[in-house]
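What follows is one structure encoded as structure tokens, with my remarks underneath.
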Amino acid sequence: MKEYIQGKAYVVGDNIDTDQIIPANYLVYSLSDPDERKYYGRYALSSVPEKEAGLPKGNIPFVKAGKDSSEFSIIIAGKNFGCGSSREHAPVALQIAGVEAVIAESYARIFYRNSVDGGFFIPFETPIRLIDQIATGDELRLDISSATLLNISSGKEYKLKSLGEIYGILEAGDIFEYARRSGLIKAG
Amino acid sequence: MGKTMVEKIIGKHAGKEVVAGELAIVDVDLAYVQDWTGPLAISQIREMGFKELKRPERVAIFIDHSSPSSAKEIATSHIGLREFARNTGCKLFDVGSGVCHVIVAEKLARPWDLIIGADSHTCMGGAFGALATGMGSTDVAVAIAFGKTWLKVPAAVKVEVKGKLQKGVYAKDLMLYLIGKIGADGASYKSLEFVGETTENLPMHERLVLTNMAIEAGAKCGIFPSDIKTKAYLAEYGREGDYKEIAPDPDAVYERKIEIDASMLEPIIAFPHTVDNVRAISHPDCADVSIDQIYIGTCTNGRFEDLKVAADILKGRHVKEGTRLVITPGSKDIYQKAMRAGLLDIFVEAGGAVNSPGCGACPGAQTGILGDGEKCLSTMNRNFKGRMGNPNSFIYLASPAVCAISAITGKITDPRRFI
């Protein structure tokens, strides 16, 4: 696992649900077909209401028209990120779009579990409401092992909640690799 | 120290005593997927190298979300699901069977079961006194392959409801009220345990509404003690032998208690675009909300009794010009009962469109996708932006009675004067 993640912030509000992350009409695309897989990146976060897309200003699309990935690699979110459907396509879509970390005040449990199991990105929790302090486009540097976030644009530093028990799974890559390494599944 | 129902069920499946907050590896009694989450689960099972399932008779695949198929890509993924069922001997409920959770209630869920489904509304099975919870495809793939999963034992919230629901007020209104009160993340990671005289008196089809929507408050599960009503429902489906008793200990430890007086509740409407954005129907915001489409059905409110409530209101009346009425029964059994009881005739006579059983318009891929700027009033459980296939549309949630009367008036209407 990387020690640091550096990239631009994309800021959204509370209760971002899985229909906003990847609308159901795009679930027809196959995740195992490389040509179709890219659509998950193209349409990631495409259903967030325009005014709330890329706070504080809004009206900033997560993925620019015609692109299959985003210029933003760290999502800053409010409460209950990923609520709604159990679709694993939601965290996968964020990964395909280029997201490396999400920092939210809290997560919906199925989405959180899916994110960790698949190792799609690192889901951090923040004890303070970062969506009021970080603006879309700010350059961020995330130190993973110490769980600290530096906003390079403003110079402010924030302490995030430790990853705790999930660190091992994320370090292994996903739940299967973790299970192999810890002897739960026989290798081979 | 006394135990909650989830502590009891997880303890039984872990083979040890557990308390809230503890992690446990548990045996799974039933694991299931639907046609949107199934293909990924199956590819994970293949990747793990599994060809045989431990207990294929307790694994089920449901083709319900895009059913009959609505696109060639979907139709092709359905082929893979059918092949998997043929090769492994697991149960397959194909086109025409109905919504996974509704069928699980009719045929598979039992008190004391531990049920995992790759769909967030799996929590509905908790109405039987089971621990039923939704997970992602990968987690369910592990449960299908190994017959086991891991869980954190959730802290429990005791929901104690007293007082009699007024005529025209239903479990749907009670649940929308509760979600409005505690918020869309008000029970995150927790178990909602329903006790008290009101919920004890609720028939199974109404208990299922409460557990179905537990996820809309972020809960891991919703659960009822089993009793004579559970037994009667199981008997109705020829499963009396599946009955077992479960109840929380009198001194069970709850993290929080919520008390509700049901007698003061009015019909409740959830406004776009979150389920906790609720108003009582007498609120001025509910006056003059014109509706383009009414959708009655889904795992939440697509049972026979729901259709009966709607039909009793629609009988001899006609849907307002400019408003559409779409009805999708929850299962084949419900469809046939409704047909035999003459309900489908009433719907069609009133100007409604009746679909074959399944998820219908709810997940936004077929039979009732909304147009730009349109408003839909539905018995569904979720009104997220874009849920019904168009982010430029607006979804309101309510009981079958509110939906039926509103179909006649063309705007959100209080059903109490018409019942």
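Quick caveat: nothing in here was measured; it's all calculated off a predicted structure.
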As an exercise, state the distance from [atom1] of [X] to [atom2] of [Y], rounded to the nearest 0.5 Å.
X        : Y        : atom1 : atom2 : value
A:Ser32  : B:Arg46  : OG    : CZ    : 10.0 Å
B:Gln34  : A:Arg87  : CD    : CZ    : 9.0 Å
B:Thr149 : A:Arg113 : OG1   : CZ    : 4.5 Å
B:Arg387 : A:Ser85  : CZ    : OG    : 7.0 Å
A:Glu165 : B:Leu23  : CD    : CG    : 5.0 Å

Top contributor to chain B contacts, counting heavy-atom pairs under 4.5 Å, from A:Asp33, A:Asp19, A:Asp174, A:Val28: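 Top option by heavy-atom pairs under 4.5 Å: A:Asp19.
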Heavy atoms only, distances under 4.5 angstrom: which of A:Ser47, A:Ala108, A:Ala90 has the most pairs with chain B? Name it, please.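 Ranked by contacts with chain B, first place is A:Ser47.
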Side chain, backbone, both or neither of A:Pro49 within contact of chain B (heavy atoms, under 4.5 Å):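 For A:Pro49, backbone and side chain are both near chain B.
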Within the supplied structure, the quantity of interest is the number of heavy atoms (other residues, nucleotides, ligands) at a distance under 6.0 Å from [X] [atom1]; does it exceed 12?
X        : atom1 : value
A:Lys51  : NZ    : no
A:Lys159 : NZ    : yes
A:Glu50  : CD    : no
B:Lys375 : NZ    : yes
B:Lys54  : NZ    : no

Grab the two heavy atoms, one from [X] and one from [Y], that are nearest each other, plus how far apart they are.
X        : Y        : result
B:Ala184 : A:Asn15  : CB-OD1, 4.0 Å
B:Tyr189 : A:Tyr107 : CE1-O, 3.5 Å
B:Ser120 : A:Gly84  : CB-O, 3.4 Å

Is [Y] close to [X] at the side-chain level, that is, under 4.5 Å between some pair of heavy atoms?
X        : Y        : result
B:Ile369 : A:Asn25  : no
A:Cys83  : B:Asp185 : no
B:Lys385 : A:Glu52  : no

Residues of residues 114-133 of chain A with any heavy atom under 4.5 Å of a heavy atom in chain B: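 So the qualifying residues are A:Asn114, A:Asp117.
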[X], part contacting chain A, at a heavy-atom distance under 4.5 Å:
X        : value
B:Ala219 : backbone
B:Arg382 : side chain
B:Val275 : neither
B:Ser188 : side chain
B:Lys220 : both

Assess whether side-chain contact (heavy atoms from CB on, under 4.5 Å) is satisfied between A:Gln20 and B:Phe384, documenting all intermediate values. CA-CA 8 Å; A:Gln20 293 178 54; B:Phe384 301 155; 5.7 Å; no
Quick one: which of [options] has the most heavy-atom pairs under 4.5 Å with chain A, could you say?
options                               : value
B:Thr37, B:Ile215, B:Thr122, B:Asp119 : B:Asp119
B:Asp139, B:Thr76, B:Ile74            : B:Asp139
B:Glu73, B:Met135, B:Met388           : B:Met135

Hey, is the main chain of B:Leu40 close enough, under 3.5 Å, to the side chain of A:Glu88 for a donor-acceptor pair?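 No; judged by distance alone, with no hydrogens or angles, the pair does not exist.
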